[in-house]
Undergrad: 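Here it is, the structure in full.
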There are 2 protein chains.
Amino acid sequence: MASLSMVSLGQNADKPPLHIAISEKLKAQIEAGRYEPGARLPSEFDLGETFGVSRTTIRRAIANLTQQGLVTTQRGKGIFVSGRQKISFSMSNPLMQFDVALREQGHMGRVQSLRFQLVDASPEVVRKLALSSQSAQVYWQEKIIYAGDCPVALEIDYFPQQLGETLAQPLQQGFTYSTLSMNGIQLNGAKVSLEGVPATYELSEYLAVPLGMPLLVFNYVAYCGDRRPTICGQTLSRSDWTCYTSEFEL
Amino acid sequence: MASLSMVSLGQNADKPPLHIAISEKLKAQIEAGRYEPGARLPSEFDLGETFGVSRTTIRRAIANLTQQGLVTTQRGKGIFVSGRQKISFSMSNPLMQFDVALREQGHMGRVQSLRFQLVDASPEVVRKLALSSQSAQVYWQEKIIYAGDCPVALEIDYFPQQLGETLAQPLQQGFTYSTLSMNGIQLNGAKVSLEGVPATYELSEYLAVPLGMPLLVFNYVAYCGDRRPTICGQTLSRSDWTCYTSEFEL
DNA sequence: TAGTGGTCTAGACCACACG
DNA sequence: GTGTGGTCTAGACCACTAC
């Protein structure tokens with residue numbers, strides 16, 4: 001039966017494994033429009049019969065597609081073709097105006113605070129915020145950013161103690177940049193970096209993605225006045241939802 | 001036997017699946033330093049005995065770690081803890097000076113040309129390079145960028161026909177920015193965006209990563225003179241090797 | 001109740017690395 | 001040859017969705 005599958009897939013038997021051959025074939029069908037975004041694929045059982053392989057192999061092939069962000073699975077329902085346009089964020093602002101960008105691009109932005117507490121600053125935060133070692137306590141905030149019903153990012157911020165106390169309530173209820181801006185704190189510069197990481201198990205639970213899915217990490221230290229570090233942190237966003245843009249003149 | 005495993009892992013049986021519990025446990029051990037970067041983990045067989053589960057489940061747990069970039073596997077050899085520092089690229093330059101950044105950070109940069117050919121420009125390239133529809137042919141280049149022996153990025157560039165013809169040889173042998181610079185073409189601006197994507201099967205082969213591993217996509221259109229679009233393209237880099245940095249003043 | 005995807009098992013065979 | 005990870009099978013049971 002295996003040999004039949006290999007023949008029917010037009011492979012010379014030994015090059016790519018069966019699960020790859022099958023996932024590539026399904027991928028081609030999806031991209032050719034045989035399955036529209038949102039459409040349901042045949043069940044694992046049916047796919048197994050179609051390709052003449054075991055359910056395990058089909059599941060491996062589907063896992064390949066999931067890892068490439070092409071399909072999502074729902075227990076009890078089926079396998080569905082995913083398709084979504086990304087939300088763009090301009091990097092030229094030191095702190096993303098997530099709420100503005102979300103609204104402009106047709107999504108209802110919302111935050112859910114996970115924690116907001118005073119902690120000892122890590123050496124890294126002490127360095128980034130240029131804290132004196134005495135006042136080495138900062139407010140540590142984690143919140144999830146939603147676009148509509150979908151969690152798109154986990155934001156982690158560190159605020160100097162006084163700032164965190166003053167703005168404790170609004171910071172837990174709203175978007176960071178807007179909250180600071182509305183309370184008279186104008187940021188005028190930032191040092192940022194952008195990298196990619198695979199979702200850990202914990203992050204995959206928060207952001208409702210499969211383990212290992214690519215996340216974008218936006219690290220920043222934002223300044224007030226004469227390059228006085230004011231807040232720092234990072235935003236981990238689902239890369240299937242987000243994109244950062246910028247322009248440069250030399 | 002399964003219940004014994006669950007007890008020994010200290011789980012209340014129903015919350016996380018076994019393969020997650022095991023991969024999280026191994027992850028904790030790795031992060032606690034029980035296994036140094038580069039060290040070999042016990043074989044799948046031994047791990048299966050240790051945790052009292054089947055090889056399939058151990059393989060699933062190892063796959064979880066692989067997807068999180070914590071370990072790599074080598075057929076016939078074993079499972080190894082990965083660990084590497086990222087190479088930083090400044091975004092402030094319109095085109096990454098990959099060679100300079102690599103050299104400064106202790107790596108030998110090298111390129112391998114995959115293709116360099118004249119093709120009909122896609123509508124997107126026509127738009128980005130502001131081509132007149134008549135001269136809608138461009139040189140399409142794809143090359144792999146190595147840091148030492150390790151492929152770290154796939155660069156895709158589109159050059160206007162005349163530029164491609166003039167610099168055909170050096171562009172295939174060297175880094176794009178340096179080549180242009182050495183031949184009197186000074187770029188002075190760029191529109192860029194940065195996103196994350198999971199590696200497709202094809203990309204995973206080029207870049208020697210598992211399918212689905214996060215890649216950073218640096219899209220750019222670079223300008224000469226008075227915002228005259230000169231080249232465009234994208235760099236897909238392994239996110240376990242690369243990081244982009246920038247600074248902003250408002 | 002029927003159908004779906006999620007988990008897990010036990011076992012087979014293969015390809016590769018190393019001694 | 002021995003040990004390793006890679007592929008694939010056949011089958012069991014569970015949890016969830018829908019009717």
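Quick note on labels: first sequence line is chain A, next is B, and so on, each numbered from 1.
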Undergrad: Less than 4.0 angstrom between a side-chain N/O of B:Arg59 and OP1 or OP2 of D:dG6, yes or no?
TA: yes
Undergrad: Calculate the interatomic distance between B:Arg40 atom CZ and C:dC18 atom P; express it in whole Å.
TA: 11 Å
Undergrad: Can you check the B:Glu49 CD to C:dT9 P distance for me, whole Å?
TA: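 In whole Å, C:dT9 P lies 13 Å from B:Glu49 CD.
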Undergrad: Return whichever of A:Gln74 or A:Thr56 has its heavy-atom-nearest nucleotide of DNA chain C closer to the 5' end.
TA: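 Nearer the 5' end of the strand: A:Gln74.
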Undergrad: Is the closest side-chain heavy-atom distance between A:Ile58 and A:Thr50 below 4.5 Å?
TA: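 Not in contact.
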Undergrad: Can you check the A:Arg75 CZ to C:dG6 C1' distance for me, whole Å?
TA: 5 Å
Undergrad: Please report whether the ring centroid of B:Phe89 lies less than 6.0 Å from that of B:Phe98.
TA: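 B:Phe98 vs B:Phe89: aromatic centres under 6.0 Å.
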Undergrad: Kindly point out which of D:dT4, C:dG5, D:dT7 is positioned nearest to the side chain of A:Ser43?
TA: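 Nearest nucleotide to the side chain: C:dG5.
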Undergrad: Can you tell me which nucleotide in C:dG5, D:dT9, C:dC8 comes closest to the side chain of B:His19?
TA: C:dC8
Undergrad: As a test of reading the structure: which of D:dG5, C:dG5, D:dT17 is closest to the side chain of A:Lys77, going by heavy atoms?
TA: D:dT17
Undergrad: If you compare every side-chain N and O of B:Arg60 against the phosphate oxygens of C:dT7 (OP1, OP2), does one of them come in below 4.0 Å?
TA: yes
Undergrad: With respect to the side chain of A:Ser54, which nucleotide from C:dA12, C:dT9, D:dA10 is positioned closest?
TA: D:dA10
Undergrad: Looking at side-chain heavy atoms only, is the closest gap between B:Glu44 and B:Arg59 below 4.5 Å?
TA: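 Yes; the side chains approach each other to less than 4.5 Å.
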Undergrad: Quick one: B:Phe51 CZ to C:dT9 P, roughly how many Å, whole number?
TA: 13 Å
Undergrad: Given D:dG5, C:dG6, D:dC8, which nucleotide is nearest the side-chain atoms of B:Arg55?
TA: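 So the side chain of B:Arg55 is nearest to D:dG5.
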Undergrad: Out of D:dT9, C:dC18, C:dC8, which nucleotide sits closest to the side chain of B:Pro17?
TA: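 The answer is C:dC8, which lies nearest to the side chain.
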Undergrad: Between A:Asp99, A:Asp157, A:Thr235, which is the residue that forms a side-chain hydrogen bond (donor to acceptor under 3.5 Å, both in side chains) with A:Thr176?
TA: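 Testing each of A:Asp99, A:Asp157, A:Thr235 against A:Thr176, the sole residue satisfying side-chain hydrogen bond (donor to acceptor under 3.5 Å, both in side chains) is A:Asp157.
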Undergrad: Could you state the CZ-P distance from A:Phe45 to D:dA12, rounded to the nearest angstrom?
TA: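 Checked: the CZ to P distance equals 14 Å.
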Undergrad: For the residue pair B:Phe159 and B:Phe116, does the interplanar ring angle fall in the parallel (under 30°), tilted (30 to 60°) or perpendicular (over 60°) class?
TA: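 The rings of B:Phe159 and B:Phe116 sit tilted, inter-plane angle from 30° to 60°.
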Undergrad: Under 4.0 Å from OP1 or OP2 of D:dG6: is there any side-chain N or O of B:Thr73 that close?
TA: yes
Undergrad: Take the protein atom CD of A:Glu44 and the nucleotide atom P of D:dA10, then report the distance between them rounded to whole Å.
TA: 16 Å
Undergrad: Whole angstroms only, please: what is the CD1-C1' distance between B:Ile22 and C:dC8?
TA: 10 Å
Undergrad: What is the distance, to the nearest angstrom, from the CD1 atom on B:Ile62 to the P atom on D:dT7?
TA: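 Those two atoms, CD1 and P, are 15 Å apart.
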